[in-house]
Amino acid sequence: MGLELTKEEKEMLDGKQGKATRKSMEIITTLGEIYGAERLIPVSSVQIAGVSYDNLGEAGLDYLSEMAEDGRTQVLTTLNPAGMDLLEWKKHGISEDFAINQQRVIDAFERMGVITTCTCTPYLIGNLPHYGEHIAWAESSAVCFSNSVIGALTNREGGPSALASALTGKTAEYGLHLQKNRVAQVKYAVKTDLRETDDFGLLGYIIGERTGKTVPYITEIDSATMEQLKSFSASVATYGGVAIFHMEGITPNRTTIPETTEVITKDDLNEARTQLDDEKADIDFISVGCPHASIKEIATIAEMLDGKHVTEGKTVWITTAKPTKDLAIKMGFYDKIESAGAFLVSDACCAVAPLKGRFTGLMTDSAKACFYARGKNKFKTEIRTVEECIKEAVS
Amino acid sequence: MQGRKIFKGKIMGEALVTGEDISFYGGCDPETGEIVEKGHHLEGKSVSGKILVFPTGKGSTVGSYVLYALKKAEKAPLAIVNRITDPVVAVGCIISEIPAVDQIEIEKIKTGQKVEVDATNGVVSIVE
């Protein structure tokens, strides 16, 4: 069985609906053929990655501009973080040149009809699919969260393939769009208490490193908040490429339960913490909000910073989505954070902003942020609870 | 050798072969085509103007845009031949219109050989 296209899909591939549609269909059908899809299916939501000019460069921008000539989104489409706060970039030390180029990227997406608010947590700002809905998302943490916690169905798309789905409303039916590929393969019993988001990040690190791209089934976690699940999703996707997990009593997907069990102990958690803590890290940068902070996290941080002041020589970024920042402004959280000398940064994050060379040591509650800080920016890292991060900032 | 079309086109050129996977993002200079990944078998060699033969791609999805950057800078490989093409390289070849074929026994091709890639029909031939 090869990939069969409908008459309309063939016309799209033949260029009858324009250049951007043709290119998009070439991408979707080629991926479908590689992975043995038999047909295309409609998607109702798209999340695009590859937004920061720091990652895209001029060539990426060229491609987007070309697609924007006649490409228009067919379904709800949101964007991953950009390299800067689209409004307050100047006070965060972003250069004018970078800002101009980043804005050109955003403008190209806007011409295509993309909702140009930039966040890795689209599910918190109105791009929220329901259980069983087929979607095409890039952004590995959001892919993992939507497949696992929400129960929507998506593969791990890249920037161009997610854009292709946005411009056609279609994806090829393979991988995680098929129930048979969503079944748990390895079972983990968590024999230690997980307290804060950093612990969930460490658990993601352990399971990611052990399982690679297989599907984990995790037991013995009594409860988990949305914030803890987004931290876990980001980490397990970063360190293992995991796109779906099952957590007994917490996530909604049905699965058979693997027989062999691996145990995760307090020692494993401590060992993971040691791995993400660099020796002699000189902390001059504190960032919380990877993935983007929820309004609940921002409220907590605002209380912690109320009346305090960030120590000279340290920079604090609390990163979030623009609609969440607007709510934080309305609630007075923004004032408390900024009066303390910290920044509430929207649209961007410490992983994709052009920060190389600006800092030497990052403290964060996010295991994922540690990965990018080390690899991309050559920072040393320490992983702590949010409370410890804020204490470090004002000490 | 009969393989599978990833992106159409027909071209002849000199093969550059490695048994190691390639990450274009971070592993290949988007302006020069030079492989810059530390310790890679092709480190210091340029993929520009070559029939680039490697097992499969690895690494970030931004790699697709690096192939596009190479094409715009006129430093792209003439064609790509893989054992199995991964999505990052596949998408990179489509958006950059670089002929590509996979499901080829790449061990049979040696660096420096003249190779014809008829991607449209999925055929790779060693000419000399």
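When reading the values below, keep in mind they use all heavy atoms of this one structure, side chains included, and skip hydrogens, waters and symmetry mates. Here is how names work: the chains are called A, B, and so on, in the same order as the sequence lines, proteins then strands, and each is numbered from 1.
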Less than 4.5 Å apart, any side-chain heavy atom of A:Glu26 and any of B:Phe7? yes
B:Pro87 versus A:Tyr35: any side-chain heavy-atom pair under 4.5 Å? yes
Please indicate whether B:Glu74 has more than 12 foreign heavy atoms, meaning atoms of other residues, nucleotides or ligands, lying under 6.0 Å from its CD. no
Whether over 12 other heavy atoms sit under 6.0 Å from B:Glu31 CD: no
Taking side chain as C-beta onward, heavy atoms only, is A:Ile27 less than 4.5 Å from B:Ile95? yes
Chain B shares the most heavy-atom pairs under 4.5 Å, among A:Ala59, A:Gly57, A:Gly60, with A:Ala59
Heavy-atom distance under 4.5 Å to chain B: side chain of A:Glu58, backbone, both or neither? neither
Taken to the nearest 0.5 Å, the spacing of A:Glu33 CD from B:Lys5 NZ works out to 6.5 Å
Go through B:Tyr65 and A:Leu64 one step at a time and tell me if the side-chain contact (heavy atoms from CB on, under 4.5 Å) criterion holds. CA-CA 10 Å; B:Tyr65 288 123; A:Leu64 295 175; 4.0 Å; yes
Is the count of non-hydrogen atoms from other residues, nucleotides or ligands lying under 6.0 Å from B:Lys45 atom NZ greater than 12? no
Taking CZ in A:Arg39 as the centre, count heavy atoms belonging to other residues, nucleotides or ligands within less than 6.0 Å. Is the count above 12? no
Look up atom CD1 in B:Ile94 and atom CG in A:Leu31, then write down how far apart they are to the nearest 0.5 Å. 6.0 Å
Roughly how far apart are A:Ile34 CD1 and B:Asp86 CG, rounded to 0.5 Å? 8.0 Å
